[in-house]
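Step one of this worksheet: look at the structure below.
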Amino acid sequence: MNTAVCERLEIEVPIVQAPMAGAVGPRLAAAVSNAGGLGTLALWRMDDENLRRQVRETRSLTSKPFAVNLNMELPQEERLEACLEEGVPVISFFWRDPSPLVSRAKAGGAVVMHTVGNAKDARLAVDCGVDIIVAQGWEAGGHVRGTVATMPLIPAVVDAVGEMPVIAAGGIADGRGLAAALTLGASGVWIGTRFLASEEVAIHPEYQQRLLAATENDTTYLDDLFDVGWPNAPHRVLRNSTVANWEAAGRPPSGKRPGEGEVIATAKSVGEIVRYSSGTPRPDAVGDIEALSMWAGQGVAMVHKVQPAAEIVREINEGARAILRRLAE
Ligand SMILES: Cc1cc2nc3c(=O)[nH]c(=O)nc-3n(C[C@H](O)[C@H](O)[C@H](O)COP(=O)(O)O)c2cc1C
């Protein structure tokens, strides 16, 4: 399946493994790229040494293109320079206006993507020179930029950006989602939650088991519960005891939430983890894993088993091709 996104990114299948801070490392990104999709590292909080180490490790595992995701809520000039020096072929920006860094990224040789949640922001991104728009519906797991669902968002963005390739994100987890996204005018998909059930992802086994057991009713969109580190940062997570207790307390604001400051887990990699902190549950965490921020999108209902990432890419691609062939008969 060769789409405009495949051509622009020089990949074989129009499937991007979404950036997922704290869950994606070189193994997963490289596995997706080796399978013909695009793997993405989320390095927007990394120090220079670790950023370069992750990029080099990914490159040692794949000769194919991969991306690095940078969150514009934080200063990213130095990380972008390091990525360009390391020859990262694709840069993905998200959250705030990427215009201060787009021309530098392109002059440094990168293809530039930006994630938006509505058509107006998509047009602004086109005006500032990005190469590909990622349109994220509010079904998505993790940080959610907009409040529009994927089904109406994709046509609105496609209509707003002319010839610019659009990648659809949010609630896409199998071949049906890829076929639907292509039908809506996107030329690729950006998938997070399904890859949380890959063998290469770096998350706690209990979090992964809860994802496998979850239905489409088990996630919740929160304006401001977990402390993501910057204001106005809505997110979608699996509903858990932390969410339930906060709701039962009348949804109080930060400073008055039940159990605030309580240490509920520890991990060698990050130390003590307090209730409402926003880290992805890591493999080495010990404690009340269920009470941590377990990011997930509504598409979690389509996630049934843990598989190698390459198998996930193949299944989604072949599933979509079969549907599109059947519809064309
Ligand atoms: C665990 C997790 C962490 C995420 N971290 C990031 C991130 O660091 N940067 C980003 O742009 N998006 C992040 N997202 C959002 C994803 O990139 C993507 O938009 C979303 O997963 C797509 O929806 P889906 O989960 O329904 O596939 C994260 C999502 C999840 C589930």
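Counting starts at 1 for both ligands and their atoms, following the listed order.
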Cation-pi between Arg236 and Trp295: NZ/CZ under 6.0 Å from ring centre and within 45° of the ring axis?
-> no

Correct closest heavy-atom pair for Ile91 and Ala110 would be CG1-CB, 3.8 Å

How far is atom 17 (O) of ligand 1 from its nearest protein heavy atom, and which residue and atom name does that atom have?
-> Pro19 O, 2.9 Å

Examine ligand 1 and decide if any of its atoms is less than 4.0 Å from a heavy atom belonging to Trp44.
-> yes

Look at Glu49 together with Arg53 and state whether they make a salt bridge at an N to O cut-off of under 4.0 Å.
-> no

Is the closest heavy-atom distance from Thr115 to ligand 1 below 4.0 Å?
-> no

min-distance protein heavy atom vs atom 4 (C) of ligand 1 -> Met20 CA, 3.4 Å

Which residue and non-hydrogen atom of the protein lie closest to atom 18 (C) of ligand 1, and at what distance in Å?
-> Trp190 NE1, 3.5 Å

Backbone of Ile132 reached by a side-chain donor or acceptor of His114 within 3.5 Å = no

What atoms in ligand 1 come closer than 4.0 Å to a heavy atom of Ile191?
-> 27 (O)

At a 4.0 Å threshold, what atoms of ligand 1 neighbour a non-hydrogen atom of Thr193?
-> 24 (P), 25 (O), 26 (O), 27 (O)

Check: Arg79 side chain, Trp44 main-chain N or O, donor-acceptor pair, under 3.5 Å | yes

Does a salt bridge link Arg123 with Asp127, judged by any charged N lying under 4.0 Å from a carboxylate O?
-> no

Measure from NZ or CZ of Arg257 to the centre of the six-membered ring of Tyr276, then state whether that distance is under 6.0 Å and the direction lies within 45° of the axis.
-> yes

Who passes salt bridge (Lys or Arg N to Asp or Glu O under 4.0 Å) against Glu200, sequence neighbours left out?
-> none

Nearest non-hydrogen protein atom to atom 19 (O) of ligand 1, with distance, is Gln136 NE2, 3.0 Å

SB check Asp174 Arg176 (cutoff 4.0 Å) | yes

Identify the closest protein heavy atom to atom 5 (N) of ligand 1: which residue and atom is it, and at what distance?
-> Ala21 N, 3.2 Å

Can you tell me which residue and heavy atom of the protein come closest to atom 20 (C) of ligand 1, and the distance to 0.1 Å?
-> Gly141 O, 3.6 Å

Atoms of ligand 1, numbered as shown, that sit under 4.0 Å from any heavy atom of Ala42 = 8 (O)

Taking only heavy atoms of Ala18 into account, list the atoms of ligand 1 that are under 4.0 Å away from them.
-> 16 (C), 17 (O), 18 (C)

Can you tell me the protein heavy atom closest to atom 27 (O) of ligand 1 and the distance?
-> Gly192 N, 2.8 Å

Kindly say whether Met46 contributes a backbone atom to a donor-acceptor pair with the side chain of Asn50 at under 3.5 angstrom?
-> no

Atoms in ligand 1 flagged as close to Gly170, the criterion being non-hydrogen separation under 4.0 Å | 22 (C), 23 (O), 26 (O)

Sub-4.0 Å atoms of ligand 1 with respect to non-hydrogen atoms of Trp295 | 1 (C), 2 (C), 31 (C)

Ligand 1 versus Asn69: contacting region, heavy-atom distance under 4.0 Å | side chain

Pairing of Arg325 and Glu329 as salt bridge, 4.0 angstrom limit = no

Measure the distance from atom 26 (O) of ligand 1 to every protein heavy atom, then report the residue, atom name and distance (to 0.1 Å) of the closest one.
-> Gly171 N, 2.8 Å

